[in-house]
Protein chains: 2
Amino acid sequence: MSTRKTGASQRKPNASRVQLEARIISAAEKAFALTGYSGTAMETIAEAVGISKQNLIYYFPNKETLYRRVLRKTLDMWLEKMAFTEDPDASATDIITHYIRGKLELSYENPDGSRVFAHELINGAPVLKDYLISHLKPQFEKDVALVRQWTSAGVLRDVSPEHLFFTIWAATQTYADFATQIQLLLGKKKLQKKDFEDAALFLTDMVLHGIVANSP
Amino acid sequence: MSTRKTGASQRKPNASRVQLEARIISAAEKAFALTGYSGTAMETIAEAVGISKQNLIYYFPNKETLYRRVLRKTLDMWLEKMAFTEDPDASATDIITHYIRGKLELSYENPDGSRVFAHELINGAPVLKDYLISHLKPQFEKDVALVRQWTSAGVLRDVSPEHLFFTIWAATQTYADFATQIQLLLGKKKLQKKDFEDAALFLTDMVLHGIVANSP
DNA sequence: GTCTATAGTAGGATAGAC
DNA sequence: GTCTATCCTACTATAGAC
């Protein structure tokens with residue numbers, strides 16, 4: 001049997017194919033981030049990768065499939081890093097500091113993913129809703145419960161854990177989503193690592209002073 | 001001269017025309033907020049208003065013109081309410097509290113405007129850039145200077161005024177832009193006035209404790 | 001001012017040769 | 001797997017009757 005006509009045509013994951021798909025997803029992410037779902041043409045993505053539109057469709061049969069893959073990639077990254085309750089021995093202060101810095105790092109390293117996610121949310125999360133309910137919500141509730149414990153233990157003042165998270169998310173993602181505005185107001189061509197460091201210092205400082213029970 | 005063939009055909013601002021234009025802008029705002037610029041068809045807007053697509057084009061010769069009007073309307077509202085330095089006798093605490101509540105009220109009363117603005121910013125502010133530089137930036141710099149004075153006077157701790165504003169904006173606008181996510185996590189069909197009140201209490205409390213020099 | 005008809009175009013998707 | 005050719009739909013916009 002020297003011929004390769006085996007039943008399944010996807011036998012080998014084709015290292016090169018995997019690589020090309022990764023390049024496509026990356027280019028798509030950038031495009032969707034900048035112009036949104038309907039503002040992005042398949043041809044634009046194909047051009048960015050250096051293949052024809054028709055060839056792109058060979059890899060991703062339609063636009064929505066590609067979009068879902070992009071969203072999924074970002075969300076998986078996020079949920080992995082956004083886990084709050086990891087080290088049971090760490091102090092509340094440490095955990096919160098680590099959390100804020102982690103979120104800011106994500107905004108720095110993957111701003112386009114954040115923007116695609118933002119578009120999706122503003123549009124009412126048509127494709128993400130179910131995933132948010134099944135994956136984000138349980139994690140959120142666990143983390144809220146932990147914050148509540150800290151308050152009960154007298155470590156934190158009595159603040160709303162829910163709104164604390166909303167604020168941290170908003171304040172960290174804004175450096176990715178609204179980078180244009182921030183650059184403009186800071187008079188910079190592009191946000192540098194230093195700017196994210198400043199943001200981290202400010203945010204951790206204000207949040208901790210704002211919610212820790214016996215702030216100095 | 002009983003016939004009305006006067007030179008300028010726009011003589012009377014036509015109360016009804018003004019009214020219709022307002023309805024169009026309002027419908028357009030809702031549509032752009034939900035699906036973005038390219039995701040919105042002129043026909044969709046026309047249907048929402050109850051006129052034909054072609055008739056809509058009579059009032060707004062093209063989509064971009066309409067989009068600019070929508071953006072402009074929101075921004076004018078914002079800049080008006082976002083002025084920070086108003087009452088020179090008010091205390092820092094009062095001004096900041098008032099500012100946060102004002103921004104949250106805007107998110108509550110005009111979430112669609114906020115979303116259109118968010119889309120525009122994520123997309124790199126292609127049509128808004130100049131306006132932000134000419135109108136938002138001077139206001140921002142004035143407000144930053146005032147915060148710096150408060151720090152010099154020992155009223156506030158030494159925090160970055162710039163990042164303070166970025167955080168307040170992000171944390172207040174998130175209740176409009178990402179309402180979907182927040183509703184979902186709070187388990188509500190729609191955000192109520194009460195939720196905005198909770199947000200205001202949390203935010204003012206945390207921010208003031210976080211930055212005022214001698215927080216209790 | 002409002003309608004019908006229609007031009008013009010962009011973009012998603014399929015069929016089939018190679 | 002990649003290309004050419006092509007179809008089809010959705011959309012912006014214009015021309016002209018009423």
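Letters A, B, ... are given to chains in the order of the sequence lines, protein chains preceding strands, and every chain is numbered from 1.
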A.B. asks: Holding to side-chain hydrogen bond (donor to acceptor under 3.5 Å, both in side chains), I want the full list of residues that pass it with E105(B), two or more places apart in sequence or in another chain.
C.D. replies: none

A.B. asks: Please give, in whole Å, the distance from dC11(D) P to I45(B) CD1?
C.D. replies: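 Atom-to-atom, I45(B) to dC11(D), this comes out as 12 Å.
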
A.B. asks: According to ring-ring contact (aromatic ring centres under 6.0 Å, His included), does anything in residues 43-63 of chain B pair up with another residue at least two apart or in another chain? List the pairs.
C.D. replies: none

A.B. asks: Return the residues of residues 24-41 of chain B meeting this criterion: a heavy atom under 4.0 Å from some atom of DNA chain D. Order them by number, or give none.
C.D. replies: T40(B), A41(B)

A.B. asks: Apply salt bridge (charged side-chain N to carboxylate O under 4.0 Å, His left out) to K137(A) and list each qualifying residue two or more places apart in sequence or on a separate chain.
C.D. replies: none

A.B. asks: If you restrict it to nitrogen or oxygen atoms, what contacts under 3.5 Å exist between nucleotides 4-7 of chain C and the protein, and what is each distance?
C.D. replies:
from   : atom 1 : to     : atom 2 : distance (Å)
dA5(C) : N6     : Q54(B) : NE2    : 3.2

A.B. asks: Taking only residues two or more places apart in sequence, or in another chain, which ones meet K190(B) in a salt bridge (charged side-chain N to carboxylate O under 4.0 Å, His left out)?
C.D. replies: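 If we apply the salt bridge (charged side-chain N to carboxylate O under 4.0 Å, His left out) test to K190(B), skipping adjacent residues, there are no hits.
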
A.B. asks: Only counting residues at least two apart or in another chain, list the ones meeting ring-ring contact (aromatic ring centres under 6.0 Å, His included) with F117(A).
C.D. replies: W78(A)

A.B. asks: Of all residues at least two apart in sequence or in a different chain, which pass the salt bridge (charged side-chain N to carboxylate O under 4.0 Å, His left out) check with E141(B)?
C.D. replies: none

A.B. asks: Would you say Y67(A) and E120(A) are linked by a side-chain donor-acceptor pair, where the criterion is simply a distance under 3.5 Å?
C.D. replies: yes

A.B. asks: Without decimals, in angstroms, what is the distance between N55(A) CG and dC18(C) C1'?
C.D. replies: 14 Å

A.B. asks: Would you kindly give the CD-to-P distance between E21(A) and dT2(D), to the nearest whole Å?
C.D. replies: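 Those two atoms, CD and P, are 11 Å apart.
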
A.B. asks: Of all residues at least two apart in sequence or in a different chain, which pass the side-chain contact (heavy atoms from CB on, under 4.5 Å) check with N110(B)?
C.D. replies: E29(B), T74(B), M77(B)

A.B. asks: Could you give the CD-to-P distance, from E43(A) to dT4(D), as a whole number of Å?
C.D. replies: 12 Å

A.B. asks: Return the set of residues passing salt bridge (charged side-chain N to carboxylate O under 4.0 Å, His left out) with E47(A) (not counting sequence neighbours), or none when no residue passes.
C.D. replies: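 For E47(A) there are no salt bridge (charged side-chain N to carboxylate O under 4.0 Å, His left out) partners, ignoring immediate neighbours.
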
A.B. asks: If the condition is ring-ring contact (aromatic ring centres under 6.0 Å, His included), which residues does H119(A) pass it with, not counting sequence neighbours?
C.D. replies: H119(B)

A.B. asks: With a 3.5 Å cut-off and no angle check, do the side chains of K189(B) and Q183(B) form a donor-acceptor pair?
C.D. replies: no

A.B. asks: Which residues within residues 57-73 of chain B lie with some heavy atom under 4.0 Å of an atom in DNA chain D?
C.D. replies: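 When residues 57-73 of chain B is checked for heavy atoms under 4.0 Å from DNA chain D, the hits, listed by number, are I57(B), N62(B), K63(B).
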
A.B. asks: How many Å lie between CG on L56(B) and P on dC3(C), as a whole number?
C.D. replies: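 In whole Å, dC3(C) P and L56(B) CG are 11 Å from each other.
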
